[in-house]
Amino acid sequence: MAALADLLAPRARPRLMGVVNVTPDSFSDGGRWLEPRDAIAHGRDLLADGADILDIGGESTRPGATRPLVEEELGRVVPVITALAAEGAVVSVDTMRAEVAEAALAAGATVVNDVSGGLADPRILEVVAASGAAYVAMHWRAHADHMRDFAVYDGPGGVVAAVCDELTARVRAMSAAGIAPEQVILDPGLGFAKRAEHNWELLHHIDELSSLGHPLLVGASRKSFLGRLLGDRGGTQRPVDQREYANTAITLHLARHGVWGVRVHDVRASRDALRVVERLSEEGPT
Ligand code: PMM
C-alpha cells in the first residue's frame with residue numbers, strides 16, 4: 001500500500017496531526033465544530049496551517065465523559081471525513097469502535113486512531129487488518145468515566161515500564177489479528193489513566209517507548225498537566241486556550257527525540273517552531 005509506506009516513511013520532523021473534534025463536549029474545543037460545515041472549514045484551516053494529517057473524532061474522551069451512541073458518532077464523523085478526504089486530505093478517524101472505523105475507511109480515511117488500542121472493541125483489529133490502514137494504538141486502561149481509578153503505576157519501572165509492557169501486549173494482539181507491524185504506530189496516551197507526574201515521566205523517557213520499534217505519536221496539546229504546570233500558586237490551572245507555548249515546547253522536545261507525529265489543536269504554532277529548527281539545521285549564511 002503506497003500511501004501507507006509514504007505515511008510512515010522517515011522524515012526529518014514529526015508529522016503534524018491536526019485535531020478536528022466533532023463533539024459537543026471535548027475538553028479543549030467541545031461544541032465548536034459540531035456542525036459538519038464548521039468541522040470541514042476547521043479541517044481546511046488546519047491544512048492551510050500545515051497539518052499533514054487531520055484526526056477526526058466524534059467521541060469525547062475527556063475524564064468523566066459519557067459515550068455517544070454509535071449512530072451519533074457515525075453521523076458526526078462520516079460527512080466530515082467524506083468531504084475532507086475527497087479534497088485530498090490524509091484523514092485519520094479517532095474512534096474506539098469497529099463499526100465507525102469501517103465506515104470511516106470506506107469514506108476515505110487511511111488511518112485509524114484508536115485510543116483504546118483495540119481493548120474497547122476488539123473487532124476493530126480485524127477491520128484494520130483487512131484494510132491495511134495505518135493503526136495508532138494508544139495506551140489505555142479504561143473508559144473516560146472511570147479512568148482516573150486506573151492511574152496507578154506501582155510496579156518496578158513505574159509508569160514507563162507499565163506503558164511499554166502494556167503496549168507490547170497490544171502489539172501481540174494486533175499481530176494475532178493479522179495486522180502487519182508496518183501498520184502500527186504507538187502512543188503513550190498522555191492524560192489517559194495518567195496523572196500529571198506520569199505524563200512528565202513518559203515525556204522524559206520517550207526514547208524507551210521508541211525502543212519498542214514502532215513510530216510514536218504523542219498528544220499533549222491543551223491537556224491539564226500543562227494547565228497545572230502553568231497554573232497560579234493558588235492551584236488554579238492555566239485555561240485551556242492559553243497552553244499553546246508550552247505545547248510548542250513539547251513539540252520541539254519530541255522532534256529532538258525523533259517521534260513520528262504530534263497530535264495538536266493549533267497546527268500553526270508547532271509548524272512555525274519546527275520551521276525555525278529546520279532552517280537552523282540547514283547549511284547557509286550565518
Ligand atoms: N488525546 C485525545 C483524543 N485522542 N488520540 C491519540 N492518539 N492520542 C492522544 O493523546 C489523544 C487522542 C484527547 O484530547 P482532545 O479531547 O483534545 O482531542
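Values reported hereafter were calculated over all heavy atoms of this structure, with side chains retained and with hydrogens, waters and symmetry mates removed. Read the numbers this way: they start at 1 and go in the same order the structure lists the ligands and their atoms.
Ligand 1 is approached by Arg263 to a heavy-atom distance shorter than 4.0 Å. Contact analysis leaves Arg62 out of contact with ligand 1, as no non-hydrogen atom separation drops below 4.0 angstrom. Ligand 1 does not have Met17 within reach: every non-hydrogen atom of the residue lies 4.0 Å or more from it.
Here Asp94 contributes atom CG and Leu54 contributes atom CG; the two are 12.5 Å apart, rounded to the nearest 0.5 Å. For the atom pair CE (Met138) and CG (Leu119), the distance works out to 10.5 Å, reported to the nearest 0.5 Å. Atoms CG and CZ, from Asp49 and Arg44 in turn, are 14.5 Å apart once rounded to the nearest 0.5 Å.
Here the protein heavy atom with the shortest distance to atom 16 (O) of ligand 1 is Phe27 CE2, 3.4 Å. Protein heavy atom closest to atom 17 (O) of ligand 1, with residue, atom name and distance, is His265 NE2, 2.7 Å. In terms of protein heavy-atom proximity, atom 6 (C) of ligand 1 is nearest to Asp187 OD2, 3.2 Å. For atom 4 (N) of ligand 1, the closest heavy atom belonging to the protein is Asp94 OD2, 2.9 Å. Here the protein heavy atom with the shortest distance to atom 10 (O) of ligand 1 is Lys223 NZ, 2.7 Å.
Tyr135 and Val90 fall into different hydrophobic clusters, defined by Ile, Leu, Val, Met, Phe, Trp and Tyr side-chain heavy atoms under 4.5 Å apart, directly or through other members. Under the 4.5 Å side-chain heavy-atom criterion for grouping Ile, Leu, Val, Met, Phe, Trp and Tyr, Val267 is connected to Ile40 within one hydrophobic cluster. Hydrophobic cluster membership differs between Trp140 and Leu125, with clusters built from Ile, Leu, Val, Met, Phe, Trp and Tyr side chains linked at under 4.5 angstrom.
Ligand 1 places these atoms under 4.0 Å from at least one heavy atom of Gly219: 10 (O). Each of the atoms 4 (N), 5 (N), 12 (C) of ligand 1 lies under 4.0 Å from some heavy atom of Val115. Those atoms of ligand 1 that come under 4.0 Å of a heavy atom in Asn113, given as number and element, are 5 (N), 6 (C), 7 (N). Within ligand 1, the atoms closer than 4.0 Å to a non-hydrogen atom of Met138 are 6 (C), 8 (N), 9 (C), numbered from 1 in the order shown. The Asn21 neighbourhood of ligand 1 comprises atoms 15 (P), 16 (O), 17 (O), 18 (O), with distances under 4.0 Å to a heavy atom of that residue.
Under the side chain to side chain contact (heavy atoms under 4.5 Å, CB included) test applied with Arg97, the options Arg67, Glu102, Arg123 reduce to a single match, Arg67.
Checking Ser270 against Thr251 by side-chain atom types alone, a donor-acceptor pair falls below 3.5 Å.
The side chain of Thr61, and not its backbone, has at least one atom closer than 4.0 Å to an atom of ligand 1 (non-hydrogen atoms only; side chain from C-beta on). Of the heavy atoms in Leu217, only side-chain atoms (C-beta onward) come closer than 4.0 Å to ligand 1.
Side chains of Met147 and Phe192 form a contact here, defined as non-hydrogen atoms less than 4.5 Å apart. Residues His265 and Asn247 are not in side-chain contact: their nearest non-hydrogen atoms beyond the backbone lie 4.5 Å or more apart.
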